[in-house]
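Per chain, numbering begins at 1; letters A, B, ... match sequence-line order. This one's a predicted model, so the numbers in the text were calculated from it and none came from an experiment.
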Amino acid sequence: MKRQVPLVLCFVFGIAMIFTQFSPHTFSQGIHNEVTNWTHIITPFALVLAVATLIQTHWVRIRRRTTHWQYSIVVFAGLITMVAFGIRSGPKNRVFEWLYENVQVPMDATVFSLLAFFIASAAYRAFRARTFEATLLLISALIVMMGNVPIGDFLWNTVMAWTPWDNATSNASQWILDNPNLSSRRGVILGVSLGAISQSIRIILGIERSYLGGGD
Amino acid sequence: MGIFGIWIAAFLTLCIYSFLYRDNPFYRFAEHLFLGMSVGYGIVLNIHSGFIPLAWDPIYTAITEEGKQSGLVKLIPIALGLLFFARLSPRHTWLIRYPIAILIGFNSGLFIPSALQASIFEQTRGTVEPFANLGTLGPWGIFEAALMVIGVICTLTYFFFSVEHRGTVGWLSKIGIAFLMIGFGSAFGNTVMGRVALLIQRVNFLINDWLGTIF
């Protein structure tokens, strides 16, 4: 009951999803759509559990007055404000939209742009051409970066004007992306997909059971 | 509302950039506000684009309208979803396995045919397709087609651990590392440029939009 039923459910839903994708029959497609809707209904409950954990963590921080506990109030303020304005009329609520556009989107973009500074120091460490492989990494990254900005072609067309190739930086960048980069990506995608497919088969057949956790 | 929004966005942008100096209360304020608002946004979006149209509306219609009782079938996934809360009771924690098993089985079943199609067949087709038009390709085109096949085979060889990487396999594996390094370099270059583009956009906002409201 505790382990066998979940294994059977996993097998039934897995096999059903495989077969319904190969059958265009209305009945089969009806099952496919209904089960897809079921998972869309079940998933928010997992989100509620995650939010409950977040609330519990910050509530404990406030109650125990741990270091920087005041910021946990800010978390609650942000969460409650968004839910209060959005829960009734949805994401189309004017205040909700305003908060999204003027508070959340700018912060999202700024946090990711902050990585530009840290990635620069990471680049310094990664790009020291100590070995042949590191040199390849350095050269391809530099060409792709220079090919992405107008100054790359400008410099080439100015300094290397005597060569017969115009806009060679962006052309070289595109060639790297379309050829050696794509071939290595394809190798990785093929390898990862084969591994993931075999893992999925193991899960459906009940060979891989780690998702059930420990205990009975 | 427009200028007020710009000032709020500028204040929060500067709060986050203040981290470049060092960790400080302004940054921590913006960080926690971002966390809270992102979670709140996720809750609203999940409820309004998932739960209400897929579960609440069909059940409400089934109760209030004649001949629409089939909507009550949505009570099954709701009951399964509620089993997630069994996690809160140590004695009934095992019940959480039911919804997890369904979600994992569903996603595994959904993944296998789509991965076979998109990641195996399509990628293999894309790799060997240029050879179908070999007669129309020039020397450079033939070189590129061969490079693609060599790159894919060597990269796969590097990840093939069932044989020892010695001799021919070792050499193929080393060539695979070279292709991987070029791939990682390109990905790194693209990531850097993407982040720099975001930085330019934020600086552009501060200089033109925010300072534009002052001067």
J.: Side chain, backbone, both or neither: which part of B:His32 has a non-hydrogen atom closer than 4.5 Å to chain A?
T.: both
J.: Given B:Ser18, which partner from the list B:Asp23, B:Asn24, B:Thr13 fulfils the side-chain hydrogen bond (donor to acceptor under 3.5 Å, both in side chains) test?
T.: B:Asn24
J.: Which bit of A:Asp178 is near chain B, if near means a heavy-atom gap under 4.5 Å: side chain, backbone, both or neither?
T.: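 Just the backbone, heavy atoms under 4.5 Å.
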J.: Count the heavy atoms of every other residue, nucleotide or ligand shown that sit under 6.0 Å from CZ of A:Phe27, and state whether that count exceeds 12.
T.: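 Open.
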J.: Give the member of A:Ile87, A:Thr43, A:Ile41, A:Ile203 that has the highest number of heavy-atom pairs under 4.5 Å with chain B.
T.: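 Most heavy-atom pairs under 4.5 Å with chain B: A:Ile41.
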J.: Tell me, for B:Leu88 versus chain A, whether the close heavy atoms (under 4.5 Å) come from the side chain, the backbone, both or neither.
T.: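 Only the side chain of B:Leu88 comes within 4.5 Å of chain A.
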J.: Quick one: CD on A:Glu101 to CD1 on B:Ile8, what's the gap to the nearest 0.5 Å?
T.: 14.5 Å
J.: Just say parallel, tilted or perpendicular for the rings of A:Trp175 and B:Trp140, cut-offs at 30° and 60°.
T.: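 Aromatic pair A:Trp175/B:Trp140 classed tilted.
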J.: Can you tell me which of B:Lys74, B:Arg87, B:Lys174, B:Glu31 forms the most heavy-atom pairs within a distance under 4.5 Å of chain A?
T.: B:Lys74
J.: Which residue is it: B:Phe29, B:Phe34, B:Phe26, B:Trp7? I am looking for the one with a side chain to side chain contact (heavy atoms under 4.5 Å, CB included) to B:Leu12.
T.: B:Phe29
J.: Is atom CH2 of A:Trp59 surrounded by more than 12 heavy atoms (other residues, nucleotides or ligands) closer than 6.0 Å?
T.: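 No, because the 6.0 Å sphere around CH2 of A:Trp59 holds 12 heavy atoms or fewer from other groups.
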J.: Based on non-hydrogen pairs under 4.5 Å, which of B:Pro113, B:Ala178, B:Ala9 is most in contact with chain A?
T.: B:Pro113
J.: When the aromatic ring centroids of A:Tyr100 and B:Tyr41 are compared, is their separation below 6.0 Å?
T.: yes
J.: Under a plain distance cut-off of 3.5 Å, with no hydrogens placed, do B:Arg202 and A:Ser113 share a side-chain donor-acceptor pair?
T.: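 No, B:Arg202 and A:Ser113 have no side-chain donor paired with an acceptor closer than 3.5 Å.
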J.: Given heavy-atom pairs under 4.5 angstrom as the criterion, report whether the side chain, backbone, both or neither of A:Leu190 touches chain B.
T.: both
J.: Please classify the contact between A:Leu99 and chain B as side chain, backbone, both or neither, with a heavy-atom cut-off of under 4.5 Å.
T.: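 For A:Leu99, the contact with chain B is made by backbone and side chain together.
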J.: Against chain B, work out which of A:Val149, A:Thr36, A:Ile139, A:Ile73 has the most heavy-atom pairs shorter than 4.5 Å and name it.
T.: A:Thr36
J.: Is the ring centre of B:Tyr17 less than 6.0 Å from the ring centre of B:Tyr27?
T.: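 Aromatic pair excluded; centres sit 6.0 Å or further apart.
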J.: With a 3.5 Å distance limit and no angle check, can you tell me whether A:Asn93 reaches the backbone of A:Phe85 through a side-chain donor-acceptor pair?
T.: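 Answer holds: yes.
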J.: Looking at B:Val196, B:Leu180, B:Leu83, B:Leu110, which one has more heavy-atom pairs under 4.5 Å with chain A than the rest?
T.: B:Leu110
J.: Take a 6.0 Å sphere around CZ of A:Arg88 and say whether it holds more than 12 heavy atoms from other residues, nucleotides or ligands.
T.: no
J.: Can you tell me which of A:Leu136, A:Val192, A:Val8 forms the most heavy-atom pairs within a distance under 4.5 Å of chain B?
T.: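 Winner by heavy-atom pair count: A:Leu136.
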J.: If I measure from the heavy atoms of chain B, does A:Ile197 come under 4.5 Å with its side chain, its backbone, both, or neither?
T.: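 Both backbone and side chain of A:Ile197 come within 4.5 Å of chain B.
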J.: Contact part of B:Ile47 toward chain A, heavy-atom cut-off under 4.5 Å: side chain, backbone, both or neither?
T.: side chain
J.: With a 4.5 angstrom heavy-atom cut-off, which part of A:Ile204 approaches chain B: side chain, backbone, both or neither?
T.: side chain
J.: What part of A:Val51 is in contact with chain B, defined as an atom under 4.5 angstrom from a non-hydrogen atom: side chain, backbone, both or neither?
T.: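 The answer is the side chain of A:Val51.
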J.: Quick one: of B:Ser108, B:Pro99, B:Gly194, who has the most non-hydrogen atom pairs under 4.5 Å with chain A?
T.: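 Looking at each of B:Ser108, B:Pro99, B:Gly194 in turn, B:Ser108 comes out on top.
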J.: Most heavy-atom pairs under 4.5 angstrom with chain B, which of A:Val83, A:Leu115, A:Thr39?
T.: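 Of A:Val83, A:Leu115, A:Thr39, A:Thr39 has the most heavy-atom pairs under 4.5 Å with chain B.
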J.: Is it the side chain or the backbone of A:Glu34 that comes within 4.5 Å of chain B heavy atoms, both, or neither?
T.: side chain
J.: Which atoms of A:Val105 are under 4.5 Å from chain B, going by heavy atoms: the side chain, the backbone, both sets, or neither?
T.: neither
J.: Tell me, side chain or backbone of A:Ala16 under 4.5 Å from chain B's heavy atoms, or both, or neither?
T.: neither
J.: Find the one option among A:Glu133, A:His32, A:His40, A:His58 whose heavy-atom pairs under 4.5 Å with chain B are most numerous.
T.: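 Most heavy-atom pairs within the cutoff with chain B belong to A:Glu133.
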J.: So for A:Gln104, is it side chain, backbone, both, or neither that comes closer than 4.5 Å to the heavy atoms of chain B?
T.: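 It is both, since atoms from each part get that close.
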J.: Is A:Thr81 in contact with chain B via its backbone, its side chain, both, or neither, using a 4.5 Å heavy-atom distance?
T.: neither
J.: Quick one: pull up CG in A:Asn102 and CE in A:Met107 and give me the separation to the nearest 0.5 Å.
T.: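 The distance works out to 11.0 Å.
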J.: Quick one: are the ring centres of B:Phe11 and B:Trp210 less than 6.0 Å apart?
T.: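 No, they do not, as the ring centres are separated by 6.0 Å or more.
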J.: Considering only heavy atoms, which portion of B:Ile153 lies under 4.5 Å from any heavy atom of chain A: side chain, backbone, both, or neither?
T.: neither
J.: Could you tell me which portion of B:Val149 (side chain, backbone, both or neither) has an atom closer than 4.5 angstrom to a non-hydrogen atom of chain A?
T.: neither
J.: For A:Phe13 and A:Trp38, take the angle between the two ring planes, folded into 0 to 90°, and tell me which bin it lands in: parallel under 30, tilted 30 to 60, perpendicular over 60.
T.: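 A:Phe13 and A:Trp38: tilted rings.
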J.: Under 4.5 Å, counting heavy-atom pairs only, tell me which of B:Ile100, B:Leu80, B:Asn190 racks up the most with chain A.
T.: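 Ranked by contacts with chain A, first place is B:Asn190.
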J.: Can you tell which part of A:Ser173 gets under 4.5 Å to a heavy atom of chain B, answering side chain, backbone, both or neither?
T.: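 For A:Ser173, there is no contact with chain B at all, as no heavy atom is under 4.5 Å.
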J.: Check whether A:Ile201 gets within reach of chain B through its side chain, its backbone, both or neither, counting any heavy atom under 4.5 Å.
T.: both
J.: Chain B heavy atoms under 4.5 Å from A:Ala77: which part of the residue, side chain, backbone, both or neither?
T.: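 Neither part, no heavy atoms under 4.5 Å.
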J.: Among A:Asn181, A:Val144, A:Ile42, who wins on heavy-atom pairs under 4.5 Å with chain B?
T.: A:Ile42
J.: Using the six-membered ring wherever Trp is involved, compare the ring planes of B:Phe159 and B:Phe161 and label them parallel, tilted or perpendicular (cut-offs 30° and 60°).
T.: perpendicular
